[in-house]
Amino acid sequence: MQAPSVGGVMLPRGNGQTVRLSRGASLTDFAEKINANPASLVAVMLNLGEMVTATQSVSDETLQLLADEMNYNIEIVSPEEEDRELLESFDIEFGENEGGEEMLVARPPVVTVMGHVDHGKTRLLDAIRKTNVVAGEAGGITQHIGAYQVSTEVNDEERKITFIDTPGHEAFTAMRARGAKSTDIAILVVAANDGVMPQTIEALNHAKAADVPIVVAVNKIDVEGADPTKVRGQLTEYGLVAEEYGGDTMFVDISARQGLNIDELLEAVVLTADASLDLRANAEQDAQGIAIEAHLDRGRGAVATVLVQRGTLRVGETMVVGDAYGRVRAMLDDNGNQLQEAGPSTPVLVLGLTNVPGAGDNFLVVEEDRTARQIAEKRAARERNAAFAKRTRRVSLEDLDKVLKAGQVQQLNLIIKGDASGSVEALESSLLQLDVGEEVDLRVLHRGVGAVTETDIDLATGSDAIVIGFNVRADGRATQMAEREGVDVRYYSVIYQVIEEIEAALKGMLKPEYEEVELGTAEIREVFRSSKLGNIAGVLIRSGEVKRNTKARLVRDGKVIAENLNIEGLRRFKDDVTEIREGFEGGINLGSYNDIKIDDVIATYEMREKPRG
């Protein structure tokens, strides 16, 4: 049976046959599968009221509409399945096939720490690692995923445990879900004084969905109002029954702040792993695993933290991570020590990749560089097509209110740049999930890792986009270009602020009262040590003017290292001055803040009241 002709060409009509297409396929891809002319499918879509070109990536809904019209069943191949088929075409097996029993050796458990924001997850990891992670975090929120290995003694035997540090706010759901997928055991942190909170339940559901055993750490037992028994009772409602109540979940009362019962918690993790899981892997095969985090380092290029899940990764091998590939130039452990090889359950920092992969991307070792490049290129093309097919949607945040009042359907275009791929991904995912009705739509035109560049400003200029810098700044020329072209560039260091501000703008509620005005930038040319004043920066004022008692931030390699600093002292030669203008040299004292280096940039600003329109 034939479909009606379009433009005199008879189109094949399916009899309910299934056509398999990847996400973001074009009409040309569809036409190839059914032996039709792509131009005739364009004509069919035109009849259905949709203007689509033959080579344009289209959404799943559009493909479904076309398939229904022509009596075909459409099956959109999942990215995972597509990836498996891609690897099979290169005769590469990825997954659990690890050879016979005799090849398997014991490996350490991989643990994710989950729980409600501010219940002490970072402090617990801090207590376990004996280092201070909290101090470097904005608002005490974990912004990135890291991974590290610790040792503990159980029954006089040294046992290793690998920790994956996943962020704890619901904005990071995408990253946390990925953390759980690569995890053997979840530690659920619950504060004894707060009890079970919404995110506690959310984290619990992630762990259950990933089918991993749970150990509960009841934290803050040293705080007033702490009631560990209440926590046990509350969690019973969600199916976590403590061993002392006849259940099979281990509860450990701890104080991360005071370091109480940390060893008991680690022992509980090892015992739970031994009782519930068969943790073995083949250490002889080519390495495979998952990327936990990745970022761009100015000195070292693309750097990825990877978790080896099976096999052994060695320096000099060629690896593919998502759409990045490269030869492993060097591997570092979490203490910065060089490693030559890393076995199953070992997290390592890998140098030598062509670009920054995404958090959660799988990695595998291949024989030849050419194979690695082909796999990476095909993955990149697939990602690009899927991104083009997303129904996504632009304008300055302040204008948005007026546009909405004018009754126009509008779109807000965004360009997101951040310091690490996991943060950028989580931010994009959170923003695209904002629900503000039909009047306005959101489109992420581009996302990437590293400083805001001229290319980003170019893209923003051509598409009326707003640029969001998350823990990164624009480089010098990009700042000037943004000012010249009138591009709205916004900087944030806490993810909630971005979400709240964009949501407020989308709802037409954003009424800023103050705005940040950049006063001047100073490049550090020399660092002088003073026993009385600490470190003093010998600077050249690059732009504007630097004034005493104004706010400042320190930028290193395009990334913000410190916020909310004060220009406490300002000198020209031996004289104290109130300001230094562009082109002049001087000395700047940032008070008690001393972590300054040559080539750092001190950017000064002030908050000025902004008249409302």
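Because the structure is a prediction, the values reported are computed rather than measured.
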J.: Any idea which heavy atoms bring N471 and S493 closest together, and the distance?
T.: OD1-CB, 3.4 Å
J.: So, are D557 and K559 salt-bridged, with charged N and O less than 4.0 Å apart?
T.: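 K559 and D557: not salt-bridged.
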J.: Are the side chain of T200 and the backbone N or O of G115 linked by a donor-acceptor pair below 3.5 Å?
T.: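 Absent.
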J.: With a 4.0 Å cut-off on N to O distance, would you call R556 and D600 a salt bridge?
T.: yes
J.: Keeping N282 on the side-chain end and E284 on the backbone end, is there a donor-acceptor pair under 3.5 Å?
T.: yes
J.: Does a side-chain N-to-carboxylate-O contact under 4.0 Å join R300 and D297?
T.: yes
J.: List for me each residue that meets salt bridge (Lys or Arg N to Asp or Glu O under 4.0 Å) alongside D156, sequence neighbours excluded, and say none if there are none.
T.: none
J.: Within the distance-only criterion (no hydrogens, no angle test), does the side chain of S421 pair as donor or acceptor with the backbone N or O of A294 below 3.5 angstrom?
T.: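 The answer is yes, because a donor-acceptor pair under 3.5 Å joins these two groups.
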J.: Donor-acceptor pairs under 3.5 Å, side chain of residues 315-324 to any protein atom, not counting sequence neighbours: which ones?
T.:
from : atom 1 : to   : atom 2 : distance (Å)
E317 : OE1    : R314 : N      : 2.9
T318 : OG1    : D369 : OD1    : 2.6

J.: Using the salt bridge (Lys or Arg N to Asp or Glu O under 4.0 Å) criterion, which residues pair with R107? Sequence neighbours excluded.
T.: D184
J.: Give every residue pair that meets the salt bridge (charged side-chain N to carboxylate O under 4.0 Å, His left out) criterion with at least one member in residues 250-265, sequence neighbours excluded.
T.: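 Those involving residues 250-265 are R232-D253.
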J.: Quick check against the 3.5 Å criterion: does E293 have a side-chain atom that pairs as donor or acceptor with the backbone of G422?
T.: yes
J.: Ignoring hydrogens and angles, write down the donor-acceptor pairs under 3.5 Å from the side chains of residues 185-197, residues two or more places apart or on other chains.
T.:
from : atom 1 : to   : atom 2 : distance (Å)
D194 : OD2    : H119 : NE2    : 3.3

J.: In a check of side-chain contact (heavy atoms from CB on, under 4.5 Å) between M331 and each of V308, V348, L351, which one passes?
T.: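 The side-chain contact (heavy atoms from CB on, under 4.5 Å) with M331 is passed solely by V348 among V308, V348, L351.
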J.: Quick one: do the E158 and S151 side chains pair a donor with an acceptor below 3.5 Å?
T.: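 A pair is found: one side chain offers a donor N or O, the other an acceptor, under 3.5 Å apart.
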J.: Whether K551 and E563 form a salt bridge (side-chain N of Lys/Arg under 4.0 Å from carboxylate O of Asp/Glu) is what I want to check.
T.: no
J.: Mind checking salt bridge (Lys or Arg N to Asp or Glu O under 4.0 Å) for R159 and listing every partner two or more places apart, or none if nothing turns up?
T.: D274
J.: Of the non-hydrogen atoms in N261 and V252, which two are nearest, and what is the gap between them?
T.: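 Nearest pair, atom of N261 first, then V252: O-CG1, 4.0 Å.
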